[in-house]
Number of protein chains: 2
Amino acid sequence: MLYAGFMSAALPPFPRPQENVGPLELLQLGTGIDEDEPCLRADAARNRARLLEAAERLVAEHGAAALTMEAVATAACVGKGTVFRRFGDRTGLLAALLDHSERKFQAALLSGPPPLGPGAPPVERLRAFGCALLDRSVDKLELLLAGEPSAERRHAFPPRRFLHQHVTLLLREAVPDADCELLAHTLMAYLDAPLIHHLTEQRGLPTERVRAGWLDLVARVTRTESPARGSESPATEPTA
Amino acid sequence: MLYAGFMSAALPPFPRPQENVGPLELLQLGTGIDEDEPCLRADAARNRARLLEAAERLVAEHGAAALTMEAVATAACVGKGTVFRRFGDRTGLLAALLDHSERKFQAALLSGPPPLGPGAPPVERLRAFGCALLDRSVDKLELLLAGEPSAERRHAFPPRRFLHQHVTLLLREAVPDADCELLAHTLMAYLDAPLIHHLTEQRGLPTERVRAGWLDLVARVTRTESPARGSESPATEPTA
DNA sequence: AAGAAAACTGGACCGCGGTCCGCTTGGGAT
DNA sequence: ATCCCAAGCGGACCGCGGTCCAGTTTTCTT
C-alpha cells in the first residue's frame, strides 16, 4: 500500500489526531511541527498537559523503552482512548515529548546566532549543524530511539523533513551543481539516532571521534578541506 | 537496557533460536549468516521447510507487511510456538526469507567476477557494490522493509555488519588515511531500504537518479572524480 | 436560558507478537 | 527390540498498541 500524504492513507482512527502537520507544502517554510493546539477544548487541553506530565515522569522512572500507552493513561487518570486521540500513536506521544527540544533547535537554525543560524558561510553552518544535532541526539537518545517511526514513515516525518530541507538548502549554496537533495539524505543519515546509538553505546566510540567523522564527511561531500587537519592523527580506528 | 552481544541480553525465549550467528568475531570472515541447520532433527527440518514455503506463499498473496506469525503457523499446519522457536521473531523469519538472495550477494562480493568481486580497483568495486545492492534492494524492497530490525539492533544485524565490513575494507584501500569505519556507515546509509523506499516510492525519483547519486557520493567520499561526468547535466533536481 | 451540534471521553474490545510449559517424538546407546 | 532423554512441539496465555462507540461535556447559536 502506497502513501499519498503524511498520515497513513487509511482513514485516521479519530476525526483527526490533531498532532500532525497540515498539508505537506506547509512545512517547507514552517517549523515542521504545527503550533500548540490552535483551538482545544478546555478539558482536552488539561488532559493533554496531564498526559505529557505523566509520560515525562514515567520515562524518567522506567525509561522511554518501557513506556506504555496504557500506563500513561492510568498515570494521568484518563482513558486509554484519550491518549490515542490526542497523540495518534506511541510515536506521536514520544514526538510530543521531544517537541520542546525540537522547536528550540529549529529556532536556532532559522534565526539563532551564526554559525548555526544564518550569517555564516554554508559549509561552516553545515559543520555547526552536525555538531549541534549530534549533541542534541546524544542528549535525547533514549526518546529518539523509542520514538522512531516505522520504516515507511521515517523519512516523511515532519521534524526529519525539516532538517533535511535545511541541509539541502545549505548544500545548494555550498555545492550548487550537485544533487543536493540526495546528498542531504546522506548527511542526515550520518546523524541518525540509531547509528549514533550503535556507535557510541554498542561500539563504544568516543563522541569526539563521531564528531570528527562529521567534519570530515562534510569536507568530503562539499569537496572542501577539513578545518584543522594534518596536525592531529586522522582518527586511530581501533577497529577490533 | 544495554546489549552485551548480538542477541538481547535477556535470556532467549527457547534454548536458542538457531537462526542467529555464533560469537560476534565469527562473522568477520564468515558469511554473516550461519550455515543451514548443521544438525536439525528430521521433523524440525521438515517443519522449517514447510514454514518457509508457507511464508513465501502468504507474502506473495497478501504482501510482506500483512504477514503474521500466526498465519504462517496455521498455513504450515504447525503450532505458533514452533515458528518462534525456529526463527526467533518476525524479523528472523523475514530474514530467513531473504537468506537466499543474501548469500548470493555475499558470494558475488567475496568471489564473484570483478568489478563486484575481487580483482578491480577498490573505488570501482565500491561503485559496483552500490549499484548491485541498489538493484537487489529495489527487488526485495517489500521484504526488507517489513523485516527491518528494531532501532537498537539494526546496525548489529549480521547481514548489515557483513556489508559494512566489506565497504570498510574497500574504503581502507581507497582512502587509507580516513576513518573508514565511519565513512562506511555513511555509504551504507545511502543504500538503506527505507531511504530507497522513500526516494523511489514516496518521492518518485527514478532509480537512475538514485544510482547517479551513489556514484557521485562514492566520488566525493573517496575524493576521486565521477566516471562519465561533464557530458550530461548534473542531475536536474525537480525538487518541490 | 435552552437546545443542538461538535468535541471529547473512557473502557471494552481486537489482533498480533512473543512466552511458557506439559506433552510427544526422533534417534542414538545398549 | 528397548530404553532414554534431549530436541522439538503446540496451543493456552499475556501484554501492548490500536480501534470503536455509547455516553458525557463544552461551546456555539438564537
Side-chain angles (χ1 to χ4, degrees), chain A residues 7-8 10-19 37-51 54-55 58 62-95 146-150 153, chain B residues 7-8 10-19 37-51 54-55 58 62-95 146-150 153:
Chain A
M7 290 307 266
S8 157
L11 68 166
F14 304 98
R16 186 63 57 146
Q18 184 276 332
E19 209 64 16
E37 26 354 316
C39 50
L40 204 54
R41 243 170 60 171
D43 53 346
R46 191 203 52 197
N47 280 344
R48 190 188 134 96
R50 265 196 204 166
L51 283 167
L58 289 178
H62 311 293
L67 191 73
T68 79
M69 298 298 266
E70 208 151 13
V72 174
T74 304
C77 300
V78 139
K80 198 176 170 184
T82 303
V83 193
F84 283 94
R85 152 172 288 264
R86 194 53 54 205
F87 299 105
D89 58 10
R90 205 182 111 102
T91 291
L93 174 58
L94 273 306
E148 233 214 0
S150 69
R153 302 189 183 179
Chain B
M7 288 308 268
S8 157
L11 67 167
F14 303 99
R16 186 62 56 144
Q18 186 275 334
E19 209 64 16
E37 25 353 317
C39 49
L40 205 54
R41 242 169 61 170
D43 53 345
R46 191 204 51 198
N47 279 345
R48 191 189 132 95
R50 266 196 204 165
L51 283 167
L58 289 177
H62 311 294
L67 191 72
T68 79
M69 298 298 265
E70 208 151 14
V72 174
T74 304
C77 300
V78 138
K80 198 176 170 184
T82 303
V83 193
F84 282 95
R85 152 171 289 264
R86 196 53 55 203
F87 299 105
D89 59 9
R90 206 181 111 102
T91 292
L93 174 59
L94 274 306
E148 233 213 1
S150 69
R153 303 189 183 178

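Hydrogens, waters and symmetry mates play no part in the numbers below; they use all other heavy atoms, side chains included. Throughout, protein chains are lettered first and strands after them, A, B, ... in sequence-line order, and every chain is numbered starting at 1. Since the structure is predicted, the reported quantities are computational estimates derived from the model, not experimental observations.
Across the protein-nucleic acid pair, B:D89 atom CG and C:dC16 atom C1' stand 13 Å apart, rounded to whole Å. The interatomic distance linking A:L93 (CG) with D:dG17 (P) rounds to 10 Å, in whole Å. In this structure, A:F87 places its CZ atom 11 Å from P of C:dT9, rounding to the nearest Å. B:R85 places its CZ atom 17 Å from the P atom of C:dT24, with the value rounded to the nearest Å. Rounded to whole angstrom, the span from the CZ atom of A:R90 across to the P atom of D:dT19 amounts to 15 Å. Between the C1' atom of C:dG11 and the CZ atom of A:F84 lies a distance of 13 Å, rounded to the nearest Å. The interatomic distance linking A:R48 (CZ) with C:dA7 (P) rounds to 18 Å, in whole Å.
Considering every non-hydrogen atom in both A:A55 and A:L67, the closest pair reads O-CD1, 4.0 Å. Taking every heavy atom of both residues into account, A:A73 and A:L51 meet most closely at CA-CD2, 4.3 Å.
Residue A:L67 is in sugar-phosphate contact alone, with no base atom involved, counting any heavy-atom pair closer than 4.0 Å across all strands shown.
A search for side chain to side chain contact (heavy atoms under 4.5 Å, CB included) contacts involving A:A49 returns nothing, not counting sequence neighbours. Legend: residues meeting side chain to side chain contact (heavy atoms under 4.5 Å, CB included) with A:T68, ordered by chain and number and at least two apart, are A:E70, A:A71. Taking the side chain to side chain contact (heavy atoms under 4.5 Å, CB included) definition, one finds that A:A64 meets it with A:V59, A:E142, A:L143, A:A146, sequence neighbours left out. Remark: A:R46 engages no residue in a salt bridge (charged side-chain N to carboxylate O under 4.0 Å, His left out) (not counting sequence neighbours).
Distance from the side chain of A:K80 is smallest for C:dC13 among the nucleotides C:dC8, C:dG18, C:dC13. For A:T82, whose side chain is taken as the heavy atoms from C-beta onward, the closest listed nucleotide among C:dC13, C:dT9, D:dC9 is C:dT9.
Of the side-chain N and O atoms in A:R86, one or more sit less than 4.0 angstrom from OP1 or OP2 of C:dT9. In terms of phosphate contacts, B:N47 brings no side-chain nitrogen or oxygen within less than 4.0 Å of OP1 or OP2 of D:dG8.
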Listed pairs, N/O of protein and of nucleotides 26-30 of chain C, under 3.5 Å:
| from | atom 1 | to | atom 2 | distance (Å) |
| --- | --- | --- | --- | --- |
| C:dG27 | OP1 | B:A42 | N | 3.1 |

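At least one side-chain heavy atom of B:R48 sits less than 4.5 Å from a side-chain heavy atom of B:L40. Taking 4.5 Å as the limit, every side-chain heavy atom of B:M69 sits out of range of all side-chain heavy atoms of B:V72.
Atom CZ in A:R85 sits 11.5 Å away from atom CG in A:N47 (nearest 0.5 Å).
DNA chain C lies under 4.0 Å from at least one heavy atom of each of the following residues of residues 69-79 of chain A: A:V78, A:G79.
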